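Comments concern the structure below.
These figures come from a predicted structure and were not determined experimentally. Values below: every heavy atom of this structure, side chains too, minus hydrogens, waters and symmetry copies.
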Amino acid sequence: MMNPLFAAAISGLLMALAYPFAPVTAKQSLPLMGLLSLCGLAPFMIVVVTRAQEWSRLQTISITYVCWFVYHALTNWWVGSWQEQTDPYLLASGIALALGHPFFLSLPWYWLVYVRKRRTAQGTLMIAPLVITAFEWLHGQTDASYPWLSFGYSLIDTPLAQSAEFIGVYGLGFIICFVNACIASMIIGMVSKRHALCAVALILIPMVTVGLFKDKRVERMPPIRVGLVQTNENPWDKWTDPRVQVQRHRDMSEKAIQGDPAIDLLVWPETAIPFAILTGPNVSDMERLRRWIDTSGVHLVTGFSDLVVYGDSQSVPPSAQRSRLDPTLRYDSFNAAMLLSPNSSTIPIHRKSCLTPFAERLPFADQLTFAMSWFEWGVGISSWGKGRTRNPLPLRLPNRHVVNLGAVICIESIYPEMVSEVVENGANVICIITNDAWYNGTPGPEQHFAIARMRAIEQRRPVVRCGLSGITGVIDEWGQEVGRVEPMTADVYVGDVAPTSKRTVYSHTGDVLPKACWLVAITALLWPPIRRLLRNMHVRKTSP
């Protein structure tokens with residue numbers, strides 16, 4: 001019989017090997033490694049259904065923690081940055097995440113152990129895909145969420161990923177769990193090999209068919225020509241003299257326009273303008289930028305710091321900061337993106353609404369205002385305000401349809417529902433701006449790019465992605481990379497992007513599958529005591 005700790009470690013290792021670009025980037029040459037996820041959970045499922053009845057609470061916690069510590073350590077070790085200039089707070093946050101995140105990943109398995117101690121092995125395996133999928137979805141629903149490691153991303157380089165247009169990344173995770181449960185059932189002899197393989201074939205063959213023979217007749221609008229500017233700045237130094245960084249973006253943009261005057265849209269990365277250029281003493285900088293836009297005739301999407309001062313008539317968030325000069329004055333700084341158009345005074349703005357927990361904003365800051373000052377670090381990007389709307393930026397080109405750009409800032413791209421809302425509000429192109437330079441030389445930027453590819457498949461929208469040091473490039477609506485600027489190089493990617501307008505099934509239905517999993521899982525958990533209660537109830541019959 002398999003040792004539980006060994007089985008837990010094996011499952012953690014197999015799921016890590018299946019995850020994109022983890023633990024090493026050499027997996028680029030092995031795109032089908034993601035298929036390991038279809039059997040990676042089976043060893044741990046087997047020990048849960050065969051051994052969990054004899055485990056104490058401490059054993060349950062310890063054995064489960066081993067599995068998800070291995071998984072997190074091999075896939076997300078880079079979060080602490082581990083670079084020479086790394087801020088101590090960033091490094092401490094990465095270590096805290098590495099130690100604490102496995103406990104959250106363990107939650108559905110605690111539930112399954114609880115179920116196994118009260119129900120049969122067969123019943124536990126039947127409910128396992130529901131419970132795990134429900135918790136994966138829950139992982140992305142709060143200010144403290146971090147759904148980076150959702151299982152479905154493991155399939156991004158396989159034909160199975162194309163089914164995300166119907167069921168999303170959490171639906172792909174459900175399929176992974178279902179196949180693993182079938183394999184576990186077959187190994188421990190609960191079902192015959194024939195029945196298990198038939199169940200797997202019935203669910204995988206249609207998905208492979210969709211992936212291999214997908215209909216590429218997508219309704220496309222006239223293409224736009226984009227220039228994506230990757231300056232490869234040092235992410236720490238850029239805050240010391242921000243105007244130098246802005247000038248470098250302008251210089252590279254001008255060179256790109258001279259080489260290709262047909263460029264319609266330039267995209268600069270997250271916080272390319274790391275100061276409040278729309279307000280106060282920075283207005284002169286904005287005027288110079290406007291004159292350049294008017295002269296060049298090119299539209300610009302750029303990240304910037306947006307300062308909002310609340311008036312007396314506005315609803316002020318409890319987490320809003322107070323001015324040191326005037327304590328009655330409340331304001332917020334936002335990590336934002338804006339669209340500047342030639343000869344137009346209108347500036348559409350998207351303010352980041354999904355912020356990196358602790359690094360950019362204290363989770364539940366509106367309720368924990370007293371603790372906000374505890375989580376500030378040294379490069380001016382903590383304590384951002386939280387955006388409240390998710391409207392696309394309308395790009396109006398002469399003699400063409402309006403192209404709505406769905407602005408997505410950095411970690412927002414790991415939240416499927418956030419991108420769905422932008423598309424629901426009319427986005428034809430997903431425009432991701434990011435700064436992954438904190439993690440140069442690690443798998444982090446490649447993983448983030450793979451996640452963007454999943455968003456393209458879910459929504460059948462092309463993605464233009466611009467990073468400070470990479471990965472900058474274009475992804476088509478099938479999740480395929482069209483072209484890129486290599487990481488840690490300074491260059492401008494220029495290419496055509498064809499916006500799309502037809503929405504997918506997933507775009508319309510959202511995460512109905514994991515929500516249904518919650519309903520069924522809770523019902524299955526509560527049904528035995530409810531049934532016993534009903535049986536023990538004495539109903540008195542009265543004559544008419």
Do the side chains of [Y] and [X] get nearer than 4.5 Å, heavy atoms only?
| X | Y | answer |
| --- | --- | --- |
| Tyr65 | Trp109 | no |
| Tyr415 | Ser145 | yes |
| Leu405 | His350 | no |
| Glu417 | Gln141 | yes |
| Pro348 | Met338 | no |
| Trp137 | Cys517 | no |

When you measure from the side chain of [X] to the backbone N and O of [Y], does any donor-acceptor pair fall under 3.5 Å?
| X | Y | value |
| --- | --- | --- |
| Asp511 | Pro514 | no |
| Arg453 | Ile475 | no |
| Tyr71 | Leu149 | yes |
| Thr504 | Glu458 | yes |
| Gln245 | Thr231 | no |
| Ser150 | Gly152 | no |
| Glu270 | Leu468 | no |

* Tell me whether the guanidinium CZ or amine NZ of Arg465 lies under 6.0 angstrom from the six-membered ring centre of Tyr493 and within 45° of its axis. =>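 The answer is no; the distance or angle limit is not met.
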* Asked: Taking Arg390 as the fixed residue, which of Glu421, Glu424, Glu412 is the one that meets the side-chain hydrogen bond (donor to acceptor under 3.5 Å, both in side chains) rule?
  ->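 Only one option passes, and that is Glu421.
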* Shortest non-hydrogen contact from Gln447 toward Pro20 ->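 That would be CG-O, 3.2 Å.
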* **Ring centre gap for His448 and Trp148 strictly below 6.0 Å** => yes
